[in-house]
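For the single chain, residues carry numbers from 1 onward in sequence order.
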Amino acid sequence: MTAETSQTLDRGLKVLKLLADTDHGLTVTELSNKLGVNRTVVYRLLATLEQHALVRRDLGGRARVGLGVLRLGRQVHPLVREAALPALRSLAEDIGATAHLTLVDGTEALAVAVVEPTWTDYHVAYRAGFRHPLDRGAAGRAILAARQKLPDEPGYTLTHGELEAGASGAAAPLLGVTGVEGSVGVVMLADAVPERVGPRVMDAAREVAEALR
């Protein structure tokens with residue numbers, strides 16, 4: 001810690017990070033051990049975070065991330081969208097297909113930025129705010145593949161007809177961006193995705209990841 005930083009705020013942020021990394025919550029004792037502070041300090045941190053709905057405690061006393069974090073997260077989407085737009089525009093114009101940035105929202109994939117090509121006679125209408133299960137469509141499947149870190153995967157995912165009849169998709173995951181889990185992809189009216197699209201989508205995902213770092 002330095003003279004310019006707050007120890008209490010630092011500890012509170014560490015509590016949120018610890019809780020975000022677990023699905024089953026943490027007890028006061030577990031948090032105390034992980035933070036290296038006594039239980040009284042943890043109780044005070046949790047009480048303050050609860051007041052702002054950033055933490056909740058279940059009937060068993062385990063602390064979990066609260067709904068207030070989701071409200072903060074929604075404000076991040078416009079910033080992420082703005083950073084991703086240049087790479088998405090380039091991708092859409094290059095491929096001639098609708099490009100999108102998709103982020104994880106709970107158990108669903110949520111399109112937060114969409115760019116349609118300007119020169120094509122027709123393209124898939126795909127809107128920001130569109131949701132679908134993570135295990136359907138290239139965008140969600142690319143995210144799941146990144147979670148599994150399969151060594152034989154090409155680095156991108158191709159699908160056909162999973163979200164819209166006659167439409168094919170290609171997507172690559174965002175890698176190396178702390179706190180952001182998502183993918184960049186395209187969707188097109190075609191029976192199959194052209195060979196060059198997969199590598200091009202990977203390049204766009206790298207561009208977006210660099211813009212978000």
Side-chain angles (χ1 to χ4, degrees), residues 70 73-150 152-177 179-213:
L70 295 180
R74 292 191 190 102
Q75 303 308 311
V76 175
H77 285 174
L79 301 177
V80 174
R81 181 166 55 245
E82 183 178 350
L85 283 177
L88 293 181
R89 289 194 188 100
S90 177
L91 177 62
E93 294 298 308
D94 185 17
I95 300 300
T98 303
H100 54 84
L101 169 68
T102 298
L103 300 182
V104 172
D105 188 14
T107 61
E108 295 181 313
L110 170 66
V112 299
V114 176
V115 176
E116 298 177 351
T118 60
W119 56 269
T120 55
D121 293 330
Y122 57 87
H123 51 261
V124 176
Y126 195 83
R127 296 288 181 260
F130 177 65
R131 295 174 177 271
H132 59 86
L134 282 173
D135 61 355
R136 291 184 60 197
R141 290 188 181 276
I143 294 168
L144 294 177
R147 287 180 180 178
Q148 296 170 359
K149 298 178 181 178
L150 300 176
D152 296 330
E153 290 294 319
Y156 57 87
T157 300
L158 306 179
T159 59
H160 176 71
E162 292 195 1
L163 296 177
E164 184 175 341
S168 293
L174 293 176
L175 301 175
V177 185
V180 176
E181 190 179 22
S183 65
V184 171
V186 294
V187 58
M188 60 184 69
L189 291 172
D191 292 332
V193 177
E195 187 174 338
R196 78 180 187 96
V197 173
R200 180 62 181 86
V201 165
M202 288 179 63
D203 289 339
R206 281 192 288 266
E207 291 177 36
V208 173
E210 289 174 1
L212 294 175
R213 291 192 183 109

Just list the side-chain donor-acceptor pairs under 3.5 Å for residues 206-213, sequence neighbours left out, or say none.
| from | atom 1 | to | atom 2 | distance (Å) |
| --- | --- | --- | --- | --- |
| Arg206 | NH2 | Asp203 | OD1 | 2.3 |
| Arg213 | NE | Gly176 | O | 3.2 |
| Arg213 | NH2 | Leu175 | O | 3.0 |

Please find the pair of heavy atoms, one from [X] and one from [Y], that lie closest to each other, and give the distance.
X: Leu134; Y: Arg147; answer: CD1-NH2, 4.0 Å
X: Gly155; Y: Ala172; answer: O-CB, 3.6 Å
X: His132; Y: Ala139; answer: NE2-CB, 4.2 Å
X: Val193; Y: Ala170; answer: CG1-CB, 4.1 Å
X: Ala142; Y: Ala171; answer: CB-O, 3.7 Å
X: Pro173; Y: Ala146; answer: CB-CB, 3.6 Å

* Would Asp191 and His160 count as a side chain to side chain contact (heavy atoms under 4.5 Å, CB included) if you check the C-alpha gap in whole Å, the side-chain angles of each, and the deciding distance to 0.1 Å? -> CA-CA 7 Å; Asp191 292 332; His160 176 71; 4.2 Å; yes
Run Glu164 and Val187 through side chain to side chain contact (heavy atoms under 4.5 Å, CB included) and show every step you take.
CA-CA 10 Å; Glu164 184 175 341; Val187 58; 5.8 Å; no
Is it true that a side-chain atom of [X] and a backbone atom of [Y] form a donor plus acceptor pair closer than 3.5 Å?
X: Arg81; Y: Val112; result: yes
X: Ser168; Y: Ala190; result: yes
X: Thr102; Y: Ser183; result: no
X: Glu93; Y: Thr118; result: yes
X: Arg141; Y: Asp135; result: yes

**Asked** How many angstroms lie between CZ in Arg136 and OG1 in Thr159, if you round to the nearest 0.5 Å?
**Response**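 Here the interatomic distance stands at 10.0 Å.
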request  = State, yes or no, whether a side-chain contact exists between Leu101 and Leu174 at a heavy-atom distance under 4.5 Å.
outcome  =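 Side chain of Leu101 against side chain of Leu174, heavy atoms only: contact under 4.5 Å found.
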Practice task
Might you confirm whether atom CD of Glu181 has over 12 heavy atoms from other residues, nucleotides or ligands at distances under 6.0 Å?
Solution key: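 Atom CD in Glu181 is packed in, count exceeds 12.
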Would you say the side chains of Ser90 and Arg200 form a donor-acceptor pair under 3.5 Å?
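On atom types as modelled, these side chains qualify, holding a pair under 3.5 Å.
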Taking ring-ring contact (aromatic ring centres under 6.0 Å, His included) as the cut-off, I'd like each qualifying pair that reaches into residues 88-129, sequence neighbours left out, listed once.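 Every ring-ring contact (aromatic ring centres under 6.0 Å, His included) pair that includes a residue of residues 88-129, provided the two are not neighbours, is His100-Tyr126, Tyr126-Phe130.
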